[in-house]
Amino acid sequence: MTNWSAYGLWPPVVGPDEARALMNGTMKAVVAQSYGSPAVLALEDIRIPRPGPGQIQMRVDAAALNGCDLDLLSGQLAEVAPLEFPHVPGSDVAGTVTEVGEGVTRFVVGDDVFGTGFPVRPAASARLSAVRCP
């Protein structure tokens with residue numbers, strides 16, 4: 001379980017239901033279970049991703065679905081960028097580093113970060129995200 005107070009992030013800006021979910025290792029995320037239109041997206045509970053080697057975990061403060069995200073979701077790019085389902089879309093993201101994986105030296109816990117990825121998994125439309133560091 002993440003010790004949010006160690007990062008100066010306590011209390012996080014969440015309601016009581018989301019706080020309970022975070023303590024149980026889950027979070028809310030927009031998820032697609034199959035290719036399709038934006039109508040296939042649903043708010044679901046998923047496991048909080050942990051950063052692996054060369055990755056950071058970030059608390060997502062702002063995220064967006066852009067045209068590329070919707071093209072990926074539609075299946076138009078499945079030959080060059082197939083999605084794994086369930087898929088958490090959202091490649092434009094900004095937030096705060098909450099944990100760093102092995103070998104990460106460019107970022108530290110508490111850094112404000114932003115970026116974009118193609119595709120990102122799990123992605124920005126979740127409360128926390130683990131992303132690869134360049």
Side-chain angles (χ1 to χ4, degrees):
M1 179 179 351
T2 303
N3 178 1
W4 294 103
S5 61
Y7 308 133
L9 301 174
W10 192 260
V13 183
V14 297
D17 291 338
E18 188 173 0
R20 274 191 288 284
L22 288 170
M23 290 177 10
N24 290 328
T26 62
M27 64 182 177
K28 296 286 187 190
V30 174
V31 178
Q33 296 293 340
S34 64
Y35 287 109
S37 72
V40 302
L41 297 173
L43 188 63
E44 298 183 13
D45 290 316
I46 65 169
R47 301 289 308 158
I48 294 174
R50 299 300 308 267
Q55 294 182 327
I56 62 170
Q57 180 191 73
M58 63 184 293
R59 182 188 69 213
V60 176
D61 295 321
L65 295 178
N66 64 37
C68 184
D69 295 311
L70 299 178
D71 288 344
L72 284 167
L73 183 61
S74 74
Q76 292 178 30
L77 304 174
E79 286 189 31
V80 294
L83 299 179
E84 295 177 28
F85 295 100
H87 172 68
V88 179
S91 57
D92 298 326
V93 61
T96 305
V97 175
T98 53
E99 190 174 345
V100 296
E102 180 183 335
V104 175
T105 58
R106 184 174 176 190
F107 301 101
V108 297
V109 171
D111 281 353
D112 291 329
V113 293
F114 68 94
T116 189
F118 176 78
V120 174
R121 175 154 171 80
S125 56
R127 182 74 176 157
L128 293 165
S129 184
V131 295
R132 172 115 2 236
C133 299

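Nearest heavy atom pair, residue Arg50 against residue Gln57, reads CD-NE2, 4.3 Å. When all heavy atoms of Ala29 and Val88 are compared, the pair lying nearest together is CB-CG1, 4.3 Å. When all heavy atoms are compared, the tightest approach of Lys28 to Leu43 is CB-CD1, 4.0 Å. Closest heavy-atom contact between Ser74 and Asp71: OG-O, 2.7 Å. Of all heavy-atom pairs between Ala32 and Leu41, the closest is CB-CD2, 3.8 Å. Listed here is the closest heavy atom pair of Phe107 and Val97: CB-CG2, 4.3 Å.
Between atom OG1 of residue Thr96 and atom CZ of residue Arg59 there is a gap of 4.0 Å, rounded to the nearest 0.5 Å. For the atom pair CD1 (Ile56) and CG (Asp111), the distance works out to 8.0 Å, reported to the nearest 0.5 Å. Between the OG1 atom of Thr26 and the CD1 atom of Ile46 there is a distance of 9.0 Å, given to the nearest 0.5 Å.
Both Phe85 and Val80 are members of a single hydrophobic cluster when ILVMFWY side chains are connected at heavy-atom separations under 4.5 Å. Criterion: ILVMFWY side-chain heavy atoms under 4.5 Å apart, direct or through other members. Under it, Val108 and Val113 are not part of a common hydrophobic cluster.
Gln33 places no side-chain N or O within 3.5 Å of a backbone atom of Val40 that could act as its donor or acceptor partner.
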Q | Steps toward side chain to side chain contact (heavy atoms under 4.5 Å, CB included) verdict (His87, Val31) | A | CA-CA 6 Å; His87 172 68; Val31 178; over 6 Å; no
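By the 4.5 Å heavy-atom criterion applied to side chains, Leu70 and Pro38 are counted as neighbours. Between Leu73 and Leu65 there is no side-chain heavy-atom pair separated by less than 4.5 Å.
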